[in-house]
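Since the structure comes first, as structure tokens, the remarks are kept for the end.
Residue numbers begin at 1 in each chain, while the letters A, B, ... track the order of the sequences. These numbers come from a predicted model, not from an experiment.
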Amino acid sequence: MSLQRKKSRVLQTTKKIGELIMAYFSQTSDAKAQGKPVAWVTVFTPVELLYAMDVYPIAPEHFGAMCSARGFILDYLQEAEREGYSQNLCSYSRCSLGYVLSGTSGLMPPPDILVTFRNSCDVYVKWWQSLHMHLGTPLFVGETPYVLTSEDLDNYVLDYVVKQLEQLVEMAEEKFGSRLDMEKLADIVRLSDKASELWLETLKLRRFRPCPLGGRDSASDIFPLVVMQGTTEAVEFYEELLEEVKQKVNMGEGVLENERFRLLFDGIWLWHAFDLIKYFEDRGAVFVYEPYSDAWAYRLDASKPLESIARKILAMGLNVDIDIRTERFSESIEEFQIDGAVLFSNRSCKTWSTPQLVTADILNKNFNVPYLLFEADMADPRQYAEAQIKNRIDAFLEVLGER
Amino acid sequence: MKIPIGIRDLCENPTEILNRYEDSGVKVIGFTCSYVPEELIISAGLQPYRITNIGANTSALTPSFVCPFASATLENIIKHEDFFSGFIVAHTCDPMWRLYDILKKKIGKPLFLLRVPHNTDNELSLDFFRMELMRFKKFLEKNFETRIDHSALFSSIELCNESRDLLKSIYVLNSGGEYKINAFDRFHLVLASMWMPKPEINTQIKALNFNNGETYGDVRLHLNGTAIYDLVLLKTIEESGGFAASDDLCTGSRYFWSNVEKSEDPISALSNRYLKRTPCPSHAPLEQRLEYINFMIEEFKVQGVLTFAEGFCDPILYDSVHIRNMLAKKGIPTMVIDYENPAQEIGRIKTRVEAFIESISG
């Protein structure tokens with residue numbers, strides 16, 4: 001197999017992400033220094049609501065991904081393991097627990113409140129309880145029940161989540177003395193909706209051949225939607241990104257000059273082995289769709305902010321019934337003209353990995369999409385057998401080449 | 001006390017009773033967890049049966065790093081599907097939740113996911129859980145062409161309360177430092193109560209004499225964990241000089257410790273009982289669980305706490321750190337024993353249990 005010519009395949013806008021992340025952390029630290037409250041949140045938590053109350057959200061999951069990508073996660077993992085947290089537990093959680101146990105000094109300012117809604121996984125509850133036990137910081141645990149049918153987004157399930165959002169507001173008002181300004185919330189919801197709209201429009205452009213935005217772009221560009229929903233910075237970033245991607249489509253430019261295979265990636269990216277995406281690209285394979293990238297965007301209605309936010313945190317990717325999830329898969333296969341699927345069986349993310357073999361079976365039998373399933377960890381580099389995985393990738397691409 | 005031979009056999013081979021149900025035309029509903037109110041199943045004229053991991057290997061449908069207990073439970077459901085009329089899975093931890101996803105694609109029998117809110121101390125969760133129980137009731141009525149009326153529900157609540165009272169009355173014989181009934185025997189009765197018709201097991205328990213209990217060791221232990229069906233673990237403790245005086249297991253005291261209160265609204269009463277009981281390790285608040293463990297330690301004069309952790313069981317692996325930290329302040333030693341298949345690992349488990357007990361007894 002001939003390797004493709006080396007050149008920058010990453011978008012210019014994507015290259016600005018690092019700066020945006022550092023500005024975000026620095027802004028949160030500044031806010032903390034000014035006496036404003038900081039919330040540590042799980043990623044599908046209503047950050048719009050927190051911003052509207054002048055509470056600054058920080059996502060330890062994102063911190064874990066960043067520490068892993070930048071190669072300084074091991075100290076934190078080992079600190080948590082010394083305390084007794086098993087290596088079999090989520091590496092994001094071990095990272096933030098290690099951060100707390102080693103003194104909570106660094107990019108994440110200490111929290112004034114811990115907020116989680118159980119949606120993408122049940123580990124959130126245990127992880128946030130553990131942070132609460134070590135830090136003694138007030139804890140809010142919300143429940144967003146598994147969405148079994150679309151009716152759940154309008155019935156007693158929705159009411160339950162809306163009322164919990166109201167409880168969160170009450171708790172924040174009581175603890176921090178701030179009031180929820182509904183007009184401000186509506187503005188923030190409008191911005192959050194705009195960022196989602198722009199991101200979804202951008203992702204749709206990946207249907208073009210050659211694909212204008214690859215896995216490295218989508219993995220990085222997701223960041224503003226993780227913790228900056230409702231900010232002007234996020235909207236400006238996605239406007240610029242969309243403009244650049246549109247230009248690439250107009251010019252017929254893609255990530256690869258010679259696009260051989262268009263792939264679906266199922267899972268969280270391997271932050272410590274980010275170059276694995278490049279390994280695929282070097283062999284003519286480009287990622288054109290990931291449920292992970294879709295999961296963060298949700299259209300909101302500013303005239304019904306709490307209901308909208310409740311629907312959003314209910315309907316995030318992993319919290320909807322398997323039939324709804326596989327329907328999204330099937331639509332994407334046609335829309336993005338997918339040749340094969342790469343499924344990452346992530347030791348840290350049991351909620352994602354447990355039904356993955358069943359999903360793979362559906363992909364294969366119902367849609368005739370070949371798949372590669374490999375096991376590793378999203379953030380812990382010690383659980384990654386590079387040579388073995390690359391061998392399997394080579395074999396998989398050979399199979400695709402013979403079809 | 002001598003456990004009746006029928007109960008001993010049942011605990012060795014829990015699926016044997018399914019043949020009896022099939023022969024007598026009894027419709028059986030398999031359920032996975034003690035958050036599922038058996039009262040509703042019984043009031044629909046159906047027989048509840050708790051699905052276990054006994055007799056099954058881990059399923060090839062799940063990754064190797066997922067809780068082996070959940071995986072083997074999945075395997076048993078698929079293997080024995082024909083014996084059942086339907087299945088109820090409760091959303092407790094990630095693997096159990098995802099079992100529902102897999103089963104939806106792999107079995108043909110009616111399947112219900114009971115969504116158990118994780119923030120059990122929230123009054124809103126109580127209302128939500130009540131709605132879930134209403135949905136559960138409708139599921140049973142629709143799939144099994146029956147009507148569950150208040151009178152049937154009141155009767156089944158009374159029956160299950162009697163069962164819980166009996167199990168608790170045996171359990172508390174060990175309180176205050178007594179050595180009346182060993183865990184091996186005690187667990188036989190609890191497990192049989194999850195598999196046999198309640199009137200039958202209740203009658204058998206009433207006929208037992210608890211004042212001549214055979215005990216092995218004298219170091220009093222509390223067992224922490226999720227569910228234990230493999231009684232060889234309990235035998236190992238006792239043969240190593242330990243006496244498992246108390247526990248917070250789903251197949252132990254959490255199953256029967258509190259009763260459903262009398263109420264004109266039985267569904268609310270069920271919601272209240274099941275959600276307000278001591279939470280599963282997968283649920284919040286942790287403080288309530290720690291309080292329960294503390295209570296057990298005081299009540300049963302416990303000298304050490306053994307945590308049995310199924311490999312990859314996230315809730316227990318997080319909690320064990322906090323339980324250790326809490327108990328260290330009280331001078332109570334703890335040990336975590338993790339395993340994937342107790343029968344295959346019993347030698348290693350026994351060595352660790354013996355070392356723990358020796359460290360306590362000096």
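Ser86(A) touches chain B through its side chain: at least one heavy atom from C-beta onward sits under 4.5 Å away, while N, CA, C and O do not. Only the side chain of Leu290(B) comes within contact range of chain A, judged by heavy atoms closer than 4.5 Å. Contacts of Asp338(B) with chain A are absent, with no heavy-atom separation under 4.5 Å from either backbone or side chain. Proximity to chain B is limited to the side chain of Asp152(A), based on heavy atoms less than 4.5 angstrom apart. Within the 4.5 angstrom heavy-atom criterion, only side-chain atoms of Ile362(A), from C-beta onward, approach chain B. Of the atoms belonging to Val336(B), not a single heavy atom falls under 4.5 Å from chain A. Residue Arg130(B) does not touch chain A at all, counting heavy-atom pairs closer than 4.5 Å. Residue Glu132(B) touches chain A through both its backbone and its side chain, counting heavy-atom pairs closer than 4.5 Å. For Leu97(A), the part lying near chain B is the side chain, with the backbone staying farther off; criterion is any non-hydrogen pair under 4.5 Å. For chain B, the nearby part of Arg118(A) is the side chain; its heavy atoms alone come within less than 4.5 Å. For Asn325(B), the part sitting under 4.5 Å from any heavy atom of chain A is the side chain, from C-beta outward, and nothing else. The contact between Ser120(A) and chain B is made entirely by backbone atoms, counting heavy-atom distances below 4.5 Å.
Atom CD of Glu151(A) has 12 or fewer neighbouring heavy atoms from other residues, nucleotides or ligands inside a 6.0 Å radius. Atom NZ of Lys138(B) is surrounded by 12 or fewer heavy atoms from other residues, nucleotides or ligands within 6.0 Å. A 6.0 Å sphere centred on CG of Asn155(A) holds more than 12 heavy atoms belonging to other residues, nucleotides or ligands.
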Could you go through Tyr318(B) and Val123(A), starting from their C-alpha distance and side-chain angles, then the distance that decides it, and tell me whether this counts as side chain to side chain contact (heavy atoms under 4.5 Å, CB included)?
CA-CA 9 Å; Tyr318(B) 283 104; Val123(A) 161; 3.4 Å; yes

Evaluation steps, salt bridge (Lys or Arg N to Asp or Glu O under 4.0 Å), between Asp321(A) and Lys104(B)
CA-CA 10 Å; Asp321(A) 187 84; Lys104(B) 199 169 177 196; 2.7 Å; yes

List the steps and the verdict of side chain to side chain contact (heavy atoms under 4.5 Å, CB included) for Leu124(B) and Glu166(A).
CA-CA 11 Å; Leu124(B) 296 173; Glu166(A) 289 165 354; over 6 Å; no

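Residues of residues 158-165 of chain A that come within less than 4.5 angstrom of chain B, heavy atom to heavy atom, are Tyr160(A), Lys163(A), Gln164(A) in numerical order. Taking 4.5 Å as the heavy-atom cut-off, the residues of residues 62-69 of chain B that approach chain A are Thr62(B), Pro63(B), Ser64(B), Phe65(B), Val66(B), ordered by number. Residues of residues 308-317 of chain B that come closer than 4.5 Å to chain A, counting heavy atoms only, are Phe312(B), Asp314(B), Pro315(B), Leu317(B), ordered by residue number. Taking 4.5 Å as the heavy-atom cut-off, the residues of residues 270-282 of chain B that approach chain A are Pro281(B), Ser282(B), ordered by number.
Nearest approach of Ala284(B) to Val125(A), heavy atoms of both residues: CB-CG1, 3.9 Å. Of all non-hydrogen atoms in Trp97(B) and Asn119(A), the two that sit nearest each other are CH2-O, 3.3 Å.
Note on Asp361(A), Thr326(A), Leu318(A), Thr359(A): by heavy-atom pairs under 4.5 Å with chain B, the leading option is Leu318(A). Put simply, of Thr351(A), Val358(A), Thr144(A), Leu357(A), the one with the most heavy-atom pairs under 4.5 Å next to chain B is Thr351(A). The candidate with the highest count of non-hydrogen atom pairs below 4.5 Å against chain A, out of Ser125(B), Ala70(B), Ser320(B), is Ser125(B).
Here the straight-line distance linking atom CH2 of Trp128(A) with atom CG of Leu286(B) works out to 15.5 Å at 0.5 Å rounding. With rounding to the nearest 0.5 angstrom, the CD atom of Gln356(A) is 11.0 Å from the CZ atom of Arg98(B).
Using a 4.5 Å cut-off on side-chain heavy atoms (C-beta onward), Arg115(B) and Val157(A) make contact. Counting only heavy atoms from C-beta outward, the side chains of Ile102(B) and Thr354(A) approach each other to under 4.5 Å. With a 4.5 Å cut-off on side-chain heavy atoms, His118(B) and Thr116(A) do not count as touching. His322(B) has its side chain out of reach of Lys126(A): every pair of non-hydrogen atoms, C-beta onward, lies at least 4.5 Å apart.
Paired with Pro355(A) under the rule side chain to side chain contact (heavy atoms under 4.5 Å, CB included), one option of Leu61(B), Asp101(B), Leu99(B), Leu103(B) passes, and it is Asp101(B).
In this structure, the side chain of Asn119(B) engages the main chain of Val141(A) through a donor-acceptor pair within 3.5 Å.
Side chains of His283(B) and Glu143(A): a donor-acceptor N/O pair is absent below 3.5 angstrom, by distance only.
The aromatic rings of His91(B) and Tyr146(A) sit perpendicular, their planes meeting at an angle over 60°, well past the 30° parallel limit.
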